[in-house]
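As the structure is a computational prediction, the values presented were derived from the model and not from experiment.
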Amino acid sequence: MPENDVLQGLNPKQVEAVRYMGGPLLILAGAGSGKTTVLTRRVAYLISQGVPPGSILAITFTNKAAKELKTRIEAFLGERASGVWAMTFHSACARILRAELPGLGRSGRFTIMDSDDQVKLMRKVLKELDLSDKQYPPSGVLKAISRAKDNLMGPREYAKRAVTFYETKVHQAYELYQRKLRELDGMDFDDLIMETVMMFRSNPQVLAKYQRKFAHILVDEYQDTNRAQYELTKLLAAAHRNIAVVGDDDQSIYTFRGADISNILEFEDDYPECRVVKLEQNYRSTQVILDGAFHVVSNNIRRKDKRLWTVQEGGAPITLYAAQSGEDEARFVAGEIDNLASQVPLSSIAILYRTNAQSRIYEDALRNRGIPYSVLSGRRFYDRKHIKDAACYLRLVVNPRDVVAFERIVNEPARGLGPAAVRKIVGHAAVSGIDLVQALSSAKDIKGLTGPQKREAEKLGNTISGIALKALEQPAHIMLKDVLEMTGYLPYLEAQGTTELERIDDLRELIVSARVFAEAGGTTQEFVELLALVSDQDTYDETKDACVMGTLHSAKGLEFDVVFLVGMEEGLLPHIRSMDDEYQLEEERRLLYVGMTRAKRLLYLTFSWSREMSMGLGRSTVSRFISEIPRELLDVKTWED
DNA sequence: CTGGAGCGTCTTTTT
DNA sequence: GACGCTCCAG
């Protein structure tokens with residue numbers, strides 16, 4: 001491919017970011033400055049310069065971003081792009097671990113535990129340690145552990161830092177939690193990163209292999225990397241220092257997940273020889289929108305100095321709507337969308353809010369007006385009970401030691417195997433040194449089970465091991481269908497009649513996606529991994545004729561002609577739990593900045609003077625951030641107009 | 001011991 | 001709406 005094609009249509013700064021080959025590169029890419037284009041072109045450029053595709057690692061945070069990057073690279077390069085590793089931190093690490101752990105005497109078939117599984121496991125841990133989950137809420141303990149893992153602290157390192165009584169208890173829980181994870185051959189999200197770093201650190205020959213393999217590393221959304229991810233990229237780039245990171249400190253919105261904004265602020269200290277390229281020309285929004293967003297975010301202290309500009313002078317003012325009630329606010333938004341629908345495609349209109357719980361009232365309002373919508377909710381589909389059940393059946397087929405999956409499905413549908421029977425079966429497996437499926441199959445040897453329980457357990461065990469035996473030759477969708485049919489799960493739902501039709505449809509949909517996945521060459525184990533790592537937004541279809549709603553977080557990387565930022569109130573944005581900490585407050589401000597910069601042409605900010613709270617109606621006040629927007633950019637409306 | 005009914009709790013953001 | 005917990009009938 002001629003170099004001109006790769007550089008076509010780029011501005012001088014973008015060209016510089018694409019072509020610079022002299023080592024570490026920091027690309028400060030403001031919102032709407034063509035970040036993905038630069039990443040895509042850079043990969044294409046590297047390949048056009050003779051770099052083998054297989055030696056390029058392009059890391060993103062979300063599957064959606066990875067997918068987009070991949071499609072765009074493919075659109076540019078066709079077949080030649082296929083060897084590029086364009087994936088998320090988590091899937092890249094899972095892939096490396098699965099390949100390398102077996103050589104180090106450990107299992108490469110681990111199951112990935114999602115947050116739901118983690119809570120279940122932690123409940124068991126706390127029970128065993130005799131800690132009340134009132135004083136030690138599982139989610140809180142898990143958060144502390146997650147933070148430790150983000151900072152590459154295993155249980156032992158954590159113990160050294162544990163000073164308070166609470167922390168010593170967390171340490172105990174951490175230790176037992178890790179032991180249980182190891183026993184059931186599972187890893188949580190944070191383990192994937194931490195274990196990879198640990199493996200690299202203690203096995204220099206493995207690290208060297210990947211340093212040689214990945215001669216060029218690109219990291220997207222660098223401002224969102226945590227310590228472990230930072231360390232991972234640093235290790236991989238240590239030998240050749242060909243690391244290009246793209247990010248925007250103003251769009252760092254994941255510190256709650258351990259992201260450390262100093263990774264980007266201090267990149268120049270880590271790599272003193274690095275080149276810095278600032279992309280400040282915005283191709284998305286009007287100047288009015290950019291000015292509004294700038295005036296908000298420039299109140300932050302911890303940020304790099306920069307300001308976006310555009311050739312699109314002026315633009316319509318930002319509408320600020322003061323509503324009487326939450327319902328009134330939603331009605332206003334739905335009404336505006338109805339009016340706008342004749343001018344812009346519905347799919348280019350978005351409603352963004354701080355918390356998922358806020359979606360309901362807008363769903364109702366849009367439904368009332370007959371406006372189609374789709375919700376960018378975190379993981380709604382994959383979180384539905386029956387989808388998780390199905391995933392757990394499949395998990396048990398792939399990993400017969402997965403006790404979390406086992407306990408979830410062993411009595412679903414009811415097989416007369418209650419908690420007491422489950423304890424006996426799990427105990428039997430532990431004592432005899434066999435896995436859980438084998439324990440089921442040999443249930444007749446377990447003392448204390450009743451005759452019917454033994455028969456049911458044995459039947460279930462034989463069914464699952466029978467399916468597992470065919471694992472190598474059967475595609476994922478056949479295995480999924482078999483396991484759901486033969487264990488009686490699907491027949492049970494079908495017998496419930498009309499009440500369960502929706503669930504059955506969901507399961508059919510899951511089987512279809514398994515088929516699509518299998519036809520693309522994926523294995524069952526990979527499908528199981530996908531179910532843990534993928535979320536709903538990854539399947540968001542932007543061509544569908546429907547307006548979009550989602551959290552501010554889920555809107556990152558998207559753009560719309562018209563954006564409604566709703567619930568602009570103290571307690572919602574900034575969120576009540578972020579209001580008394582100055583760092584968290586800055587993050588809330590960045591969140592608003594991200595939301596505002598999603599809009600191309602029209603931006604609405606709405607709030608209500610009263611709102612239905614968990615305990616009755618409450619009075620609310622307008623968000624402090626509104627006063628940071630210059631008055632002349634606003635067109636204020638109220639319900640009385 | 002199991003399964004079902006009923007009750008309270010929870011939802012900040014996500015891989 | 002899902003989940004955990006408690007209580008009670010079988």
Would you tabulate the nitrogen or oxygen pairs shorter than 3.5 Å linking the protein to nucleotides 1-9 of chain B?
{"residue": "dT2(B)", "atom": "OP1", "partner": "Gly418(A)", "partner atom": "N", "Å": "3.2"}
{"residue": "dT2(B)", "atom": "OP1", "partner": "Ala421(A)", "partner atom": "N", "Å": "3.0"}
{"residue": "dT2(B)", "atom": "OP1", "partner": "Gln453(A)", "partner atom": "NE2", "Å": "3.3"}
{"residue": "dT2(B)", "atom": "OP2", "partner": "Ala420(A)", "partner atom": "N", "Å": "3.1"}
{"residue": "dG3(B)", "atom": "OP1", "partner": "Gly416(A)", "partner atom": "N", "Å": "2.7"}
{"residue": "dG3(B)", "atom": "OP2", "partner": "Asn411(A)", "partner atom": "ND2", "Å": "2.6"}

We want to know whether Glu68(A) and Thr71(A) form a side-chain donor-acceptor pair, criterion being a heavy-atom distance below 3.5 angstrom.
no
Determine the contact category for Arg408(A): base if any of its heavy atoms lies under 4.0 Å from a base atom, sugar-phosphate if only primed atoms, P, OP1 or OP2 are that close, otherwise nothing.
sugar-phosphate
Looking only at the side chains, is there a donor atom on one of Tyr254(A) and Glu221(A) sitting less than 3.5 Å from an acceptor on the other?
no
Aromatic ring centroids of Phe256(A) and His575(A) under 6.0 Å?
no
Atom CG in Leu440(A), atom NZ in Lys459(A): separation rounded to 0.5 Å?
12.5 Å
Check: Tyr593(A)/Asn300(A) side-chain N/O donor and acceptor closer than 3.5 Å:
no
Report the nucleotide, chosen from dT12(B), dG4(C), dT15(B), that has the shortest atom-to-atom distance to any side-chain atom of Lys120(A).
dG4(C)
Give a yes/no on whether any side-chain N or O of Arg503(A) is located under 4.0 angstrom from OP1 or OP2 of dA2(C).
yes
Which value, in whole Å, describes the distance between the C1' atoms of nucleotides dT12(B) and dG4(C)?
22 Å
Ser578(A) and Gln584(A): side chain donor to acceptor below 3.5 Å
yes
If you compare every side-chain N and O of Thr551(A) against the phosphate oxygens of dT14(B) (OP1, OP2), does one of them come in below 4.0 Å?
yes
Would you classify Tyr254(A) as touching base, sugar-phosphate or nothing, given that sugar-phosphate means primed atoms plus P, OP1 and OP2, and contacts are heavy atoms under 4.0 Å?
sugar-phosphate
Comparing nearest nucleotides in DNA chain B, the 5'-proximal residue of the pair Thr88(A), Arg354(A) is Arg354(A)
Nearest-neighbour nucleotide for the Arg360(A) side chain, dG1(C), dT12(B), dT14(B) considered:
dG1(C)
Checking dT15(B), dT14(B), dC5(C) against the side chain of Lys127(A) (C-beta onward), the nearest is dC5(C)
State which residue, out of Asp116(A), Asp506(A), Asp389(A), fulfils the salt bridge (Lys or Arg N to Asp or Glu O under 4.0 Å) condition with Arg384(A).
Asp506(A)
For Phe256(A) and dT13(B), are the ring centres under 5.5 Å apart with planes inclined under 30°?
yes
Write down the protein N/O and nucleotide N/O pairs, taken from nucleotides 6-10 of chain C, whose separation is under 3.5 Å; answer none if there are no such pairs.
none

Counting only side-chain N and O atoms of Asn63(A), is one of them less than 4.0 Å from OP1 or OP2 of dT14(B)?
no
Closest to the His90(A) side chain: dC5(C), dT15(B), dT14(B)?
dT15(B)
Out of dA2(C), dT12(B), dT15(B), minimum distance to the side chain of His575(A) belongs to dT12(B)
Taking Arg303(A) first and then Asp250(A), would you say they form a salt bridge - that is, a charged N and a carboxylate O separated by under 4.0 Å?
yes
Does a side chain donor of either Glu412(A) or Tyr489(A) reach within less than 3.5 Å of an acceptor in the other side chain?
no
